[in-house]
Amino acid sequence: MELKELTIKSSLELLERGEITSRELTEATLEQIRKLDPLVKAFLYVNEEWALAQAEASDKRRRDKQAGPLEGIPLSIKDNILIKGHPTTCASKILANYIAPYDATVIEKLKKAGAVFVGKTNMDEFAMGSSTENSAFFPTRNPWDLERVPGGSSGGSAVAVALRMGLGSLGSDTGGSIRQPAAFCGVVGLKPTYGLVSRFGLVAFASSLDQIGPFALNVEDTAILFQIIAGYDPKDSTSAPVSIDNLLSLIEKNSQIPLRIGLPKEYLTGDLHPEIQKALETCLSILRKKHTLKEITLPHTKYAVATYYIIAPAEASSNLARYDGIKYGFRFESKNLIELYKKSRAKGFGKEVKRRIMLGTYALSAGYYDAYYLKASKVRTLIKRDFEQAFREVDLIISPTTPTPPFKLGEKVADPLQMYLSDIFTIPVNLAGLPGLSLPVGLTRDNLPIGAQIIGPPFRDDIVLSLAYFLERELFLKLIPPILTENF
Ligand code: GLN
């Protein structure tokens, strides 16, 4: 079995035909983790015994003709999504000893579908960051260049998929945390429409922006995972009453339909890295063969990062108030309750998390609320309206996913604003609640992946996937990180 040749879809076919077992596939995946993870450190937790037990149970279900739609497929999960009985740390010291007491809805759905979990992946602490350097435990490295970051905050998930340490993964995206690392690691990442995937059992960062979504090696695999995790959940009050069926055939069929595709002029400024510009132009010339391209304007784009950095920290400061040293995880023992609270939080949270809590608390405080949070909420509406206006003229929007290729480890840690700006093209999509997908579209001269972002109207994740499928076929890239070939 050649792990680097496998996808979810092809593995399912092999499993179905009895040519491989889930046990073999899972063993190969664990072997891959043993070999490659020491180089990149994508995992916070790997449990071989657990993984193999799940694989064996899966093989039994297949023998008993009770196979689910993902029967026997090894996956990894970002460490802010709860799997009952296993650690969920959010890459934070404050949750270092926390064991999840229940399954997230997405996990329940994946279990029912037959998935095998191999472990939990590294991330920026509480999903705050764009490089996975804010993990309290260790940074993760980019598989294409070990001196560079994999992106973040779901860096571990993107790396795990790029190196076939599991055939897919789930991450979360609040301002770009699925799409940006997907772009940096050369894999596909989808942030679904807000409300399409249940957030029950996802540790909250900024609840009006957070969405769970899949990482995979190609568009079909992304669609397979997305279809399984999507759908209404009464346990999430923001869950939409929509279900997704027959996505693969829909995508294939719709990929033949000519579409009107918008190019936001605000995204294509002189600041864009020249090699990203070039890769995007290649995509555009391909798209022109079948689709109509049109320049559009999203005039409030320039306020998106500032708006996000009021709203996201404000929500985070409220969500993270629960980590008080009493209810969860790390506790600084003291007879004085106030000291216990203060010290538990001071020692349990990292620098970036504290920065966000302070920014958010300030923005929400009496006297400043109107000037910051309320104002930001109004600008958010303007950003949303920009997209609504654009979608009257076009069916989809295409842009780069990131303004630059993956940067060096340490390059932006001292300058939070520079770090924040790496999400400049992804943040508006979260503010507007839209679906966005990052597709690998090329490599720089230095062999670093480049991603393009496809953005759709709300609940049209299907046409986002259809266009990605079309572009993927036309580009016909096979992106295999060099360390993968060297180690096979
Ligand atoms: N990089 C952004 C932030 O730091 C987005 C993170 C995310 O999507 N979780 O907040």
Side-chain angles (χ1 to χ4, degrees), residues 77-81 90-92 121-136 139-140 149-158 169-184 189-192 194 197 199 202-215 304-320 349-360 363 376 380 401-404 406-407 411-413 415-438 451 453:
I77 302 289
K78 186 178 182 178
D79 206 24
N80 59 353
I81 298 174
C90 289
S92 179
T121 53
N122 199 14
M123 54 186 280
D124 287 299
E125 185 177 1
F126 283 101
M128 298 172 188
S130 309
S131 67
T132 314
E133 290 164 294
N134 292 339
S135 164
T140 296
V149 303
S153 62
S154 319
S157 288
S169 190
L170 292 190
S172 66
D173 189 314
T174 306
S177 281
I178 292 176
R179 291 157 289 158
Q180 188 255 21
F184 278 8
L190 169 69
K191 182 208 90 77
Y194 185 77
V197 176
R199 292 179 297 110
L202 166 71
V203 178
F205 162 13
S207 308
S208 76
L209 300 157
D210 298 340
Q211 262 299 272
I212 294 176
F215 286 90
V305 172
T307 304
Y308 173 88
Y309 278 97
I310 303 278
I311 292 177
E315 293 182 14
S317 71
S318 159
N319 274 326
L320 271 58
F349 288 136
K351 203 166 148 200
E352 183 61 26
V353 175
K354 285 182 195 160
R355 181 173 10 246
R356 304 282 178 112
I357 292 173
M358 284 190 281
L359 281 170
R380 180 179 189 172
T401 308
T402 59
T404 65
F407 43 91
E411 192 179 320
K412 300 193 183 188
V413 277
D415 188 347
L417 187 58
Q418 279 311 311
M419 188 72 90
Y420 296 171
L421 286 170
S422 72
D423 293 314
I424 194 159
F425 301 139
T426 49
I427 278 175
V429 178
N430 298 73
L431 288 169
L434 307 174
L437 177 145
S438 181
Q453 178 178 225

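The first residue of the sequence shown is numbered 1, and numbering continues consecutively from there. Both counts, for ligands and for their atoms, begin at 1 and track the order of listing.
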### Message
Once side-chain contact (heavy atoms from CB on, under 4.5 Å) is applied, do any residues pair with Ser208, and if so which ones, sequence neighbours excluded?
### Response
Ile311, Glu315, Arg380
## Note on the structure
Close residues (non-hydrogen atom under 4.0 angstrom from ligand 1) work out to Ala127, Met128, Gly129, Ser130, Ser153, Asp173, Thr174, Gly175, Gly176, Ser177, Phe205, Tyr308, Tyr309, Arg356, Asp423
#### Entry: Donor-acceptor pair between Ser92 and Glu125 side chains, under 3.5 angstrom
yes
### Query
Cut-off 3.5 Å, side chains only: do Ser157 and Ser169 have a donor facing an acceptor?
yes
#### Entry: Residue list, side-chain contact (heavy atoms from CB on, under 4.5 Å) with Ile178, at least two apart or on another chain
Ser154, Asp173, Phe215
### Any residue meeting ring-ring contact (aromatic ring centres under 6.0 Å, His included) with Phe205, in chain and number order, not counting sequence neighbours
none
### Query
Any idea how Tyr309 and Tyr420 line up, ring-wise: parallel (<30°), tilted (30 to 60°), or perpendicular (>60°)?
parallel
